[in-house]
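Inspection log for the structure reproduced underneath, given as structure tokens.
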Amino acid sequence: MNIMRYMKDTMKLFLLFLLCTSLFYFGLRAMEVEYQNYHRYDPPEGKAVKVIQQEQHDWFDRLSIFFRIGE
């Protein structure tokens, strides 16, 4: 009788673990689907202003800057 009770408790614990693991897995899948179509780098709308201006350097100047400051 004691073995049957132990097996029943073990089965309950296993089912609880399976349920929690499945809930966690499907929750992660739902979040992945939600953020898969999220366009993070869409062009800005409205009165957006470009923050940085790229300057044109020749390759020797860029190499010099790279060696001096690692940029």
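In this chain, residues are counted from 1 in sequence order. Being a predicted model, the structure only gives us computed values, none of them experimental.
- In the hydrophobic clustering, where aliphatic and aromatic side chains (Ile, Leu, Val, Met, Phe, Trp, Tyr) are joined below 4.5 Å either directly or transitively, Met4 stands alone.
- Contacts of Asn2 classified as side-chain contact (heavy atoms from CB on, under 4.5 Å), with partners at least two apart in sequence or in another chain: none.
- The local environment of CG in Leu16 is crowded, with over 12 non-hydrogen atoms from other residues, nucleotides or ligands closer than 6.0 Å.
- The side-chain contact (heavy atoms from CB on, under 4.5 Å) search around Lys47 returns none, not counting sequence neighbours.
- Within a 6.0 Å radius of CD in Glu32, more than 12 heavy atoms belonging to other residues, nucleotides or ligands are found.
- The side-chain contact (heavy atoms from CB on, under 4.5 Å) check on Arg5 picks up Asp9, with sequence neighbours excluded.
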Run the side-chain donor-acceptor check on residues 21-30: report pairs under 3.5 Å with partners two or more places apart or on a different chain.
| residue | atom | partner | partner atom | Å |
| --- | --- | --- | --- | --- |
| Thr21 | OG1 | Phe17 | O | 2.8 |
| Ser22 | OG | Leu18 | O | 2.9 |

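- Membership of an apolar cluster is not assigned to Met1, as no side-chain contact below 4.5 Å to another ILVMFWY residue is traced.
- Taken from CG in Leu63 to CZ in Arg68, the straight-line distance is 10.5 Å, to the nearest 0.5 Å.
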